Asker: 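Here it is, the structure, as structure tokens.
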Amino acid sequence: MAGDAGSIPELDQKKYDSDEQVKIICLGDSAVGKSNRPQQLSTYALTLYKHTATVGNKTVAIDFWDTAGQERFQSMHPSYYHKAHACIMVFDVQRKITYKNLANWYKELREFRPEIPCCVVANKIDADLKVTQRSFNFGKKEGIPFYFVSAADGTNVVKMFREMITRAVEYKQNPSDFMDEVLQELENFDLEEKEDPEADEVGLKTESPELE
Ligand SMILES: Nc1nc2c(ncn2[C@@H]2O[C@H](COP(=O)(O)OP(=O)(O)OP(=O)(O)O)[C@@H](O)[C@H]2O)c(=O)[nH]1
Ligand SMILES: [Mg+2]
């Protein structure tokens, strides 16, 4: 695959310029449950979960971007953030450090995407339901929505995804980010096809799981 990355349609981020395509990214430490799958040696650096939803009277295709591996370096490749319309930040209620690290993830997110909607997800509540009585203040000041979730038993998962999809679509229709608009303008001028420089580094996998 190496050397021919420009021909991988999934990695062509131009598609996110069209009205019907939305990109939502997941951030958070390793093993917080972003992908909700048994621990495995990561073969793929990047997985796109594909989903379609109806928002208003429009059908929208959503790509959920999920990575394995890069989180260990506490930093993501800039292309991960590129053109993202919303971000889901996940921590594990059983591991305090993953909650503390949200601040780092949020800082990096805002460097690349200053205005996109985001939320905080407290995952694995099935392991200890008492945590739902605790209050987690991260993001409160900024008004970032917070969800108690169990990816394992499905609690709040569909609700969270639905709300994030709606917010992503709203953001796309009405970006509050001045830089977004400038970049969009610049891209309209850039008529040349370019090779995707980072595509060599990722193994790509796409999946279409049911959200409900
Ligand atoms: N009890 C419980 N375990 C969960 C839940 N979600 C995920 N897990 C478990 O947590 C472990 C890590 O889950 P992953 O989905 O691999 O976590 P990740 O954040 O995608 O990790 P990386 O891909 O390494 O970044 C696995 O053993 C999952 O089975 C949950 O809601 N409840
Ligand atoms: Mg994962």
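Just so you know, ligand 1 is whichever comes first in the structure, and atom 1 is the first atom listed for that ligand. Everything numeric in this text was worked out from a predicted model, so none of it was measured.
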Asker: Please report whether ligand 1 has a polar contact with Val149, defined as an N or O pair separated by less than 3.5 Å (distance criterion only).
Answerer: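 No, Val149 has no N/O under 3.5 Å of an N/O on ligand 1.
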
Asker: Taking only non-hydrogen atoms of Ser150, do any sit less than 4.0 angstrom from ligand 1?
Answerer: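 A heavy atom of Ser150 does come that close to ligand 1.
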
Asker: Side chains of Lys23 and Gln13: is there a donor and an acceptor less than 3.5 Å apart?
Answerer: yes

Asker: If only side-chain N and O atoms count, and only distance matters, is there a donor-acceptor pair under 3.5 Å linking Ser150 with Asp126?
Answerer: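 A donor-acceptor contact under 3.5 Å links the two side chains.
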
Asker: Of the listed options (Val157, Val32, Asp126, Leu27), which comes nearest to atom 30 (C) of ligand 1 when hydrogens are ignored and any heavy atom counts?
Answerer: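 Looking at heavy atoms only, Asp126 sits closest to atom 30 (C) of ligand 1.
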
Asker: Do Lys34 and Asp29 meet the salt-bridge criterion of a basic N to acidic O distance under 4.0 Å?
Answerer: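 Looking at Lys34 together with Asp29, the answer is no, because their closest N to O distance does not fall below 4.0 Å.
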
Asker: Any idea which atoms of ligand 1 are less than 4.0 Å away from a heavy-atom of Asn36?
Answerer: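 Those atoms are 6 (N), 7 (C), 15 (O).
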
Asker: Short list, please: which atoms of ligand 1 are under 4.0 Å from a heavy atom of Asn123?
Answerer: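 Taking each heavy atom of Asn123 in turn, ligand 1 has 5 (C), 6 (N), 31 (O) under 4.0 Å.
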
Asker: Nearest 0.5 Å please: distance from the CG atom of Leu102 over to the CG atom of Leu27.
Answerer: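 If I round to the nearest 0.5 Å, the distance is 9.5 Å.
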
Asker: Salt-bridge test for Arg167 and Glu163: reply yes if a basic N is under 4.0 Å from a carboxylate O, no otherwise.
Answerer: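 Salt bridge flag = no for Glu163 with Arg167.
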
Asker: Give the numbers and elements of all ligand 1 atoms closer than 4.0 Å to a heavy atom of Lys34.
Answerer: 15 (O), 17 (O), 18 (P), 19 (O), 20 (O), 21 (O), 22 (P), 25 (O)

Asker: Is it true that a side-chain atom of Tyr80 and a backbone atom of Cys26 form a donor plus acceptor pair closer than 3.5 Å?
Answerer: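 Yes; at least one donor-acceptor contact below 3.5 Å.
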
Asker: Determine whether a donor-acceptor pair (N or O, by modelled atom type, separation under 3.5 Å) exists between the side chain of Gln21 and the backbone of Ile62.
Answerer: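 Judged by distance alone, no pair lies under 3.5 Å.
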
Asker: With heavy atoms of Ser35 as the reference, note each atom of ligand 1 found under 4.0 Å away.
Answerer: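 Under 4.0 Å from Ser35, ligand 1 has these atoms: 15 (O), 20 (O), 23 (O).
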
Asker: Say whether Asp66, considering both its backbone and side-chain N or O atoms, lies within less than 3.5 Å of an N or O atom on ligand 1.
Answerer: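 Looking only at distances, the answer is no, because the N/O contact criterion of under 3.5 Å is not met.
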
Asker: Is Ser35 close enough to the Mg ion (ligand 2) that one of its N, O or S atoms comes in under 2.8 Å?
Answerer: yes

Asker: Evaluate Ala152 for polar contact with ligand 1, using N/O atom pairs at a separation under 3.5 Å.
Answerer: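 For ligand 1, there is an N or O atom that lies under 3.5 Å from one belonging to Ala152.
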
